[in-house]
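Take a look at the structure below.
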Amino acid sequence: MKHTFAICAYKASPYLEACIRSLLAQTVPSDIILCTSTPNDYIYQVADKYQIDVYVNEAGGNISADWNFAYEKSMTELVTIAHQDDYYEPEYAEKVLAKMEKH
């Protein structure tokens, strides 16, 4: 894989599962991880349902600290920081990777 979607989740967002489904529906597969500084049963249940690894930022901090933590947990060259209430069109990763390869 060249690309990771690193989902940043905060508390129990009702949109988290829809975000994950949009990432799983990509025309080009990417790694998907979930990062949070507010771990809870809901996040773990949704991640388990979709077999997504969860990483907990024990240091906490602010939103930029959470984004940097998610970036650091990604193991690919390219990373999209996905917020828990984001939705991605099915060709998002395909188009991003094509543009990166072109330039």
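Quick note: numbers below take in every heavy atom, side chains included, and nothing from hydrogens, waters or symmetry partners.
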* When clusters are formed by joining ILVMFWY residues with side-chain heavy atoms under 4.5 Å apart, either directly or through shared neighbours, do W67 and Y71 land in the same one? -> yes

* Nearest atoms (heavy-atom pairs only) where C35 meets A70 -> SG-CA, 3.6 Å

* Hey, does V56 have a side-chain heavy atom less than 4.5 Å from the side chain of Y44? -> yes

* Asked: Quick one: CG on L78 to OG on S30, what's the gap to the nearest 0.5 Å?
  -> 9.0 Å

* To do: Specify the closest pair of heavy atoms between I43 and K11, including all atoms of both residues, with the distance to one decimal.
  => CD1-O, 3.3 Å

* More than 12 foreign heavy atoms under 6.0 Å from OH of Y50: is that the case here? -> yes

* Asked: Which atoms form the tightest heavy-atom contact between T36 and A9, and what is the distance?
  -> OG1-O, 2.8 Å

* Asked: Can you tell me if OH on Y87 sees more than 12 non-hydrogen neighbours from other groups inside 6.0 Å?
  -> yes

* Can you get from Y92 to I52 by hopping between Ile, Leu, Val, Met, Phe, Trp and Tyr side chains that sit under 4.5 Å apart? -> yes

* Asked: Can you name the nearest heavy-atom pair linking N62 to S64, along with the distance?
  -> OD1-OG, 2.8 Å

* **Side chain proximity check, I32 to I20, heavy atoms < 4.5 angstrom** => no

* **D31 CG to M75 CE distance, which is reported to the nearest 0.5 Å** => 10.0 Å

* **Exceeds 12 heavy-atom contacts within 6.0 angstrom, atom OH of Y10** => no

* **Nearest heavy atoms of E17 and K49, plus distance in Å** => OE2-NZ, 2.5 Å

* **Backbone N/O of A47 and side chain of Q51: donor-acceptor pair under 3.5 Å** => no

* To do: Establish whether I7 and I81 are linked, either directly or via other cluster members, by ILVMFWY side-chain heavy-atom contacts under 4.5 Å.
  => no

* **Option passing side-chain contact (heavy atoms from CB on, under 4.5 Å) with K73 (candidates V79, I33, N57)** => I33

* To do: Please name the pair of heavy atoms, one in Y88 and one in A82, separated by the smallest distance, quoted to 0.1 Å.
  => OH-CA, 3.5 Å

* Between S13 and D85, a side-chain donor and acceptor under 3.5 Å -> no

* To do: Show your working on side-chain contact (heavy atoms from CB on, under 4.5 Å) between L34 and L16 and close with a plain yes or no.
  => CA-CA 10 Å; L34 196 152; L16 177 59; 4.1 Å; yes

* Check whether any side-chain heavy atom of T80 lies under 4.5 Å from a side-chain heavy atom of H3, and answer yes or no. => yes

* Salt bridge flag under 4.0 Å for residues K95 and E89 -> no

* Asked: Is a side-chain donor or acceptor of E94 paired with a backbone partner of T27 at a separation under 3.5 angstrom?
  -> no

* **Separation between OG of S22 and OH of Y15, rounded to the nearest 0.5 Å** => 14.0 Å

